[in-house]
Every structure is written in C-alpha cells, then in structure tokens.
Amino acid sequence: MLDKKKIVSVLMYFVAAVLFCSYLIILVRSLDSSNASDEYRMFYKEHTLAFYLHDDGLKEEYCSGTEAVYLPDGKYRNLGEGWGPLGPNGIWTLDDNSTFYFYVDDTSANQVITINCIDNVGYNNRLYVNGNPVGDIIFQDGVASLEISNTFLVEGINVFLIHTDDDVLPICELRSETESQYAVNMLIYSIKLEAES
Amino acid sequence: MVLFYSPYTRTTSFTGFCQRVNVYDSTWFKMYINCILDKFLYVDLNNGQAVWGFFPLMPLIVSFFWYLTGFKADVYVVGFFINSLFFMVSEYFAYKYIMLTRKKLDVAVFYILFMTFGLYTFYFSLLYSESLFLCLLTMCFYYLKRKKYLTVGILGALLSLTRHTGVIFVFTILVSLIVDYKDDATVLRKNPFDFVLRAVKNPHLVLGTCLVPLGLFSYMLFLLNYVNDGLAFVTVVCTWGRNVDNYPFEQFFNEFCGEFPPSFLSVALVIVLFIICYGVFDGKRYEEMIGPVITIILCASTVLMSVPRAMIGCFTIVLTFTDMYCKLSKSSKVFIGVVVLLLEGVVFREWILLHPDLC
C-alpha cells in the first residue's frame, strides 16, 4: 500500500515536471513569431501592411507581372503606410511617405513600374525601392513609368516608397472646392510592375 | 426580462429576443461555432479580426449541443439554455463556498439575488464565455477551500481554456497557501523555505497547480500550429482598436481625471477599488482579491471599459460586496437593492439599443 502511494506520488511529480517543461517550450516558441508568414507579421505585428492578406498573398496576387488596381472591388491589399481610404476612382497617397509592396521571384531582369494617376496636387515625388532611389515620378497624360535596376531588387517582398520632400498641406488649403483636411498627394488608380521587355 | 423588453425588441418570440440581445462578441462566438463545424478559422478580410482572438471551450460545448439538436434550434437559443445552466451551477457552488467560508445564509441568498438580478447579469445568458468562466471559477474556489487540489487543477485547466485570464488562478492558489501557512498554528518556525518545502511535498498540490495553465498552453500550441504564433490571441487584439501595451495606471489616471462630472466607468472603477480594499483590509480575504487585482491590471492594459463586466464575472467582487451589504441596516439594503435593480434595467436597455458605453 505504501509503495503504491509512493509510485503514484512519483508519477504525479513526473507529470507536473513534464507539464512545466512543456509550458516553457511553448512559451519560448510563442515569443518567436519568425515562422509566421510575412503577411501575418507585417499586418498583425509590425503594422506595415494596411489590409489583411492571407499567407503568401503577396506572392500569389501581387507578383511582378500583375497590376494592382486601387478600387473597392480591385486588388489593393499590397499597400503599407501613408494611404487614404479607398475611393470610387482610386486611392490618395497621404503626407510625405507612402509605401506599397510587390513580390519579385526573378531578380535577373530589370523591372518597369507604371503608375496610373487620376489626380495630382503637384508635389515633387521620388520613388525608392528597398531604400534605393530609383527616380522622380513624372506624369505624362496621367502615367509615370520608371525603370528599376535589378540590383535594387530582392527575391521575395520588395518595399516601394513614394516620398516627397515638399510640405504636404491639407487639401482644403490648396483647393477651395473641398473641405477635406487630408494632406493628400496623388490619386492613384493602379500600379503595375513587370519585367523589362 | 423577455416580457419587459419586448417593446424595445419589437418581437414577442423567444428566438427573436435571443437573436436581438446577442450582439457584439456573441456574433463572433456564433462564427466560432460555425468555424468548429466547418473546420476553418474565420478571418474578417476587411480588418483582420479573427475568431482565434476568442478561446474555444464555450464554443466547443455549444456547438456539441447544437449538433445534438440537429441544427434545428437557433444557436443563440441553445447558447441561452447552456449558459443559463452553467450559471445555475455557479450559483450552487457559490452557495456551498459561502456556507463553507462565511457560514452565513443571508450572504449566500443575497449573493444569488445580486448575481441573478444585479448589474451586467444579462451577460450570463448570452452567447458569451462569462457564464462558463464563472461556473468553473466558483467550483475552483470551492474545491480549493476543500483542498482537493487535483480537482482544482482539472477545473483550472478548463478555466484557462475558457479565457486566458483563467490562468490567474495559479496566483489564487499561491496566496491561499500562504494564508493557510500563516494561520497554521502547528508550524512553530515559519519561514519561506519551510513554506516552499511543505508545498512541494504535496504531490496533489504540485500537479494540481501545474494543471491550471494546461488549457491556455494547449490553445497556444494549437495557434502555433495554425498561424505559427502562439500568442495570436493577444496579437489579434489590435484589430479591435485596442493596444496591449497601455500603461494601466496611466489609463486609470486618464479615466479619473479626464472629465467632470466623472463618467460611469470612473464611478464603477472607484467602487471596485473600494470593494477590493475592503476585502483586503477588513475581510482579510487575500486569496479572493488577488484575482480581481490582476484582472484589472490586465484589462486596463487593453481596454478599461471591460473592467466592470470582468469584475462582476470574477465571483469574489460581488461576494465581497454582498459581505458589506449584509452588514447594512434594512433601509440601506432596500435602497441599494432598488438602485442595483434599476441600474441593471438601464444597462440592459442600453445594450438592447446598441449603446455599448455602459456595458
């Protein structure tokens, strides 16, 4: 009887020890979320992705060769910070920095980015890719195209930044027909990234 | 309540009433139940809100009973009856606990009345996890007092699978042990080392305590496998417009000093803090107060608005309030009872009208 009680006690201590060690392992693994998908990390942890996107969403839907159309029923989930709400004609960039993302799986060739703009307040904007300056965004008939050297690109998710050094003012101070306080820059309809032909 | 609020809900059917009162998180729990049956965890594409922000035990239980009805009954009706049953079980164990610790029938009766007709008690019949959490918590307190540590462990594991705050009960066990050790007249030379040795020598206590976090960590393991983030239930909170790294005392200070006259939330917080102080300094029921204190700090780190509701659902705050209430004169008791009843009517009315500020 005494031996049985002792065995049960030892078993209880053993189970408690196993549980405790398991908790430690689970906690350590949970504190490291590097195994989570890029989209999960960017949206939930870093807040650098404006809209929720499923795992591998950037790779599947915003890869080089695709066009992101910024309408409510279009493809708009590759946006980061510095964008206004989606509108019927496109989306405004806000303030002096606006980021978006494209996935590039083949960095052997240069890429061409084409930005379709519906409206433009008139600031001087420059495009950066992964922190590297690409060139000034200059529109002709609402379209701006820039060539991106493959040396600026990485395999995987690439960060594009539209930046202006100008002071971006609330639109109501520049246009009397609106009372909007948003500090808007460009109304973009679509952005396309494709390999240079 | 159904009859009293029919004019507001504009429905006389019980199913219609259940559908009308089950709003906000109830819709998420309903989605969770559908997800369990579809074996797919839902994410709202518009804002990234996900069902995994909620813990699975209550949805699992309700989905099982909904399945037994052949999905013929409305899920809110099934949830109403299941959660009401949990609530009744919690009342029963609360009665047993009160008779064990206070030995006062009036405290038990008034506690049951406050929990049945008092503030925020409508939550215990909605498709929320409040009812199951309260049921398991009262059972944990009862069996802890009876020193049935393995039972406490199993119930605690279910508690931490109902809500992540269930893991706080580990601290309740610790404080209860300290209090018992301090009051133990057979121990002549009391010191921390002796306390730890005595605790560790009890295998039931050791295993029971280690079992309490099992629910929480099981869910974390599931999330690790599903989204590769064991803390996903914390991560996803930001999509509801809440920060998880607010400073609690800064939140408290802002709430108290933010406006004059003070808001309903400020007044509720003051009352809760007063009750905690009474429980600690007058009642000396430290093991009953540690849970609410930690819960307040955790709630204040995300959203302060949930503190009153969380306090009603943590058992010992209403119990301590009842202790204070039973010491009052008859006229004071009547006055406070009427005020509480009216306030519940107001809060429930605001809930029905989708004004959640008080809730």
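Convention: sequence-line order gives letters A, B, ...; per-chain numbering from 1.
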### Task
Name the member of G153(B), G208(B), G48(B) that forms the most heavy-atom pairs with chain A at distances under 4.5 Å.
G48(B)
Approximate separation, where rounding is to 0.5 Å, of [X] [atom1] and [Y] [atom2]:
{"X": "F43(A)", "Y": "N47(B)", "atom1": "CZ", "atom2": "CG", "value": "7.0 Å"}
{"X": "L231(B)", "Y": "I26(A)", "atom1": "CG", "atom2": "CD1", "value": "11.0 Å"}
{"X": "N202(B)", "Y": "M12(A)", "atom1": "CG", "atom2": "CE", "value": "9.0 Å"}
{"X": "C210(B)", "Y": "Y13(A)", "atom1": "SG", "atom2": "OH", "value": "11.0 Å"}

Report, by ascending residue number, the residues of [range] in heavy-atom contact with chain B at a distance under 4.5 Å; give 'none' if the set is empty.
{"range": "residues 117-152 of chain A", "value": "none"}
{"range": "residues 44-70 of chain A", "value": "Y44(A), K45(A), H47(A), Y52(A)"}
{"range": "residues 31-42 of chain A", "value": "L31(A), S33(A), N35(A), A36(A), Y40(A)"}

### Task
Could you tell me which portion of L150(B) (side chain, backbone, both or neither) has an atom closer than 4.5 angstrom to a non-hydrogen atom of chain A?
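The answer is the side chain of L150(B).
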For atom [atom1] of [X], decide whether the heavy atoms of other residues, nucleotides or ligands shown that lie under 6.0 angstrom number more than 12.
{"X": "R198(B)", "atom1": "CZ", "result": "yes"}
{"X": "N191(B)", "atom1": "CG", "result": "yes"}
{"X": "Y182(A)", "atom1": "OH", "result": "no"}

#### Entry: Smallest separation among heavy atoms of L27(A) and F217(B), with atom names
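The answer is CB-CE2, 4.2 Å.
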## Note on the structure
Taking every heavy atom of A16(A) against every heavy atom of V206(B), the minimum-distance pair comes out as CB-CG1, 3.8 Å
### By side-chain contact (heavy atoms from CB on, under 4.5 Å) - contacts of T178(A) (at least two apart)
I171(A), R175(A), S180(A)
### Task
Decide yes or no for L211(B) and V15(A): does some side-chain heavy atom of the first lie under 4.5 Å from some side-chain heavy atom of the second?
no
